[in-house]
Number of protein chains: 2
Amino acid sequence: MSLKIKDIAKMANVSVATVSRVLNDSDKVSLETKNKIMKIIQKYDYKPDRIATSLRRKKTGIYAVIFSVKGGKVLEDTYSTKFLKGVLNYFSSKGLKLIVDIHENGNVAEYYSNMIKSKVVDGFILLDIRKNDERVNLLNKEKFPYVVIGRNDENNFVYIDSDNVAGAYMAIKHLKQIKCKKILYISGDMGIPVSEQRLTGVKSAQKDLGVEIDVEFGDFDEEKTVEILKSILKKGFEYDGIFCASDTMAYAAMKFLKGLNIEVPIVGYDNIPLSEFVGLSTIDQNIIKIGYSAAQTVDNMAKGKETISMVVPSKLIKRQSTLSFIQKHI
Amino acid sequence: MSLKIKDIAKMANVSVATVSRVLNDSDKVSLETKNKIMKIIQKYDYKPDRIATSLRRKKTGIYAVIFSVKGGKVLEDTYSTKFLKGVLNYFSSKGLKLIVDIHENGNVAEYYSNMIKSKVVDGFILLDIRKNDERVNLLNKEKFPYVVIGRNDENNFVYIDSDNVAGAYMAIKHLKQIKCKKILYISGDMGIPVSEQRLTGVKSAQKDLGVEIDVEFGDFDEEKTVEILKSILKKGFEYDGIFCASDTMAYAAMKFLKGLNIEVPIVGYDNIPLSEFVGLSTIDQNIIKIGYSAAQTVDNMAKGKETISMVVPSKLIKRQSTLSFIQKHI
DNA sequence: CTGAAAGCGCTTACAG
DNA sequence: CTGAAAGCGCTTACAG
């Protein structure tokens, strides 16, 4: 069927060992022999069997990203796709491959354990990291290469994270710049690292910039966000700026307040497609960059190189939800 | 390091051949021996090396979906993600794996040729099929398993396609049901199979249902769609219903007409997330089902089973953009 | 610089 | 029903 290294060797009148050396850029092949072999390889467009190579080398050049299903929703947000795009940008540019899988039910540790034993992949990129994550425990024990997207309290691993602290700080700074004096921050639930980091950024901006900020907990829930606004409205709404820990909460707030003809600058977080559509100012986490860096890092790790954790900077996207207030304040 | 079949054989006092037979559910192993071996396999949670198995069996259990970059935009629409989700639903349920890759520049046929020679995957699912597609020519020549999403004129392959004809028919039927008498159909560009199929459905509904329909070509372009409406408006707008070959065109039309205070029922195609948001009635292609069926089909093909092409039915999603007109007509 | 040989971890036809 | 052996297509330590 297709050509094997043995066929090339025969045609070139050399041993398979020599062909293999040429294939792998070994220096101990004479230029003459090398050229002779190269010519034949090119003529027949010979490509080695990667499975056979993998078996010998104990490396496949394949990595994996596993999506765990949370409430049936998997791979249906732009976060996943942008992240994948970043990961693929790296791997495809290097001729490496990525296995994408979803793991629905059953033991997560068992799933990863089987993946390791099957020897198909050289490393993992972990999403949705939790506190005391069983995957981390397993992979550390097995000394198997992986990098984590995000952080938890332990950080006994290499991670690539978004700079949530700086992102939240930027949002508050922007509201301050458009002259907001009293800001409402609607946070995500505590216990989630992302929420805690964003709150830290808000507190830090409050201290540095001297703005008044009240914090409420919307828990990334749209209804809860509206409830918070309703109960504030009962006492009279005194805020001249709102920052929400997610675009979905920000949009819920925007819609609710618009219904009551209350106009107030508002900033969200995540830069989901809807936000561009409705003109919501927000923080973009540069998810593509995060994916790219994660891929690069796990690849280096699998190849035994030194690797370090990274924090990827976010970007403020200014849109109508805040920009339209600039003139009013002047 | 990790256990090999030889280790299990030694512990069970049998040959590796026998262990292999147990692993592969061979019937020619005595129940006694089988139980003895199973116990040891379970005790040590032994899993065979899939790379070694693949080398022997000439099958890896890995399939591939390659996204080709078109204008930098890849994997950033909901089509790709829903499709992937469907594909993964099948593969993950069967313990099979999926390689996702992007191919940016360079020779497409060469990319596929190298993938085949590297022996890593058992089959492909092809997206964005074109007329006289070079991938089809290559894969047919190599007799390599693959299935195509969509159709072209040749159809010298197994495909999974959306029923665009029936989808378009349903849209017109719905407009007719809400008493539209004169409908404007804004089509995609000819030469694209999807456009031609949807136009066929429109024409067929026109004939069957006896509605008056004019066709214009918006070419899936939002600006062009608005231009069409503008030039129609000059002569006076006489339509009481609009159907567009995509949600993006439908949304552009909706926004433009609303700006002029013209209210007319409108139906789009694709059911993108924005459509739910703005209440646009549309046709949902059931992309998840398409992905699932494609995965199943290529898997069957790689295993030498009979396979057939499929047309997956679409669904009408009724929303405010048409429903709000029901009372007006009564 | 080059080759013969062992071996990566499996499966399977062959023989008994 | 079971085992010894060949072989999948490579790589690499060893010897020369």
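Every chain is numbered from 1 and lettered A, B, ... according to where its sequence line falls, protein lines coming before strand lines. Scope of the values below: all heavy atoms of this structure, side chains included, with no hydrogens, waters or symmetry mates.
- Note on A/T53: every side-chain N or O is 4.0 Å or more away from OP1 and OP2 of D/dC10.
- Between A/F124 and A/F144, the ring planes lie tilted relative to each other; the angle falls in the 30° to 60° range.
- OP1 and OP2 of C/dC8 both lie 4.0 Å or more from every side-chain N or O belonging to A/S54.
- We find that NZ of A/K58 is positioned 12 Å from P of D/dT12, with the value rounded to whole Å.
- One interatomic measurement links the two molecules: CD1 of B/I5 to P of C/dC10, which rounds to 6 Å at whole-angstrom precision.
- Classification of the B/F83-B/Y79 ring pair by plane angle, with boundaries at 30° and 60°, yields parallel.
- Side-chain N/O atoms of B/T18 include one lying less than 4.0 angstrom from OP1 or OP2 on D/dG3.
- Using N1 to N3 plus N6-O4 or O6-N4 for Watson-Crick, or N1-O2 and O6-N3 for G-U wobble, each under 3.5 Å, C/dT2 pairs with D/dA15.
- Between the CD1 atom in B/I287 and the CG atom in B/L84 there is a gap of 11.5 Å [rounded to 0.5 Å].
- Distance CD1/A/I5 to CD1/A/I41: 8.0 Å, rounded to 0.5 Å.
- Looking at the side chain of A/R21, the nearest of the listed nucleotides D/dA4, C/dT11, D/dA13 is D/dA13.
- Residue B/S30 is classed as a sugar-phosphate contact, given heavy-atom separations below 4.0 Å to backbone atoms only.
- Between the side chain of A/R56 and the base of D/dG9 there is no donor-acceptor pair of N/O atoms closer than 3.5 Å.
- Distances shown here put a side-chain N or O of A/S15 below 4.0 Å from the OP1 or OP2 atom of C/dG3.
- Whole-Å rounding puts the A/R57 CZ to C/dC8 C1' distance at 13 Å.
- B/K28 has no side-chain polar atom (N or O) that falls below the 4.0 Å cut-off from OP1 or OP2 of D/dC1.
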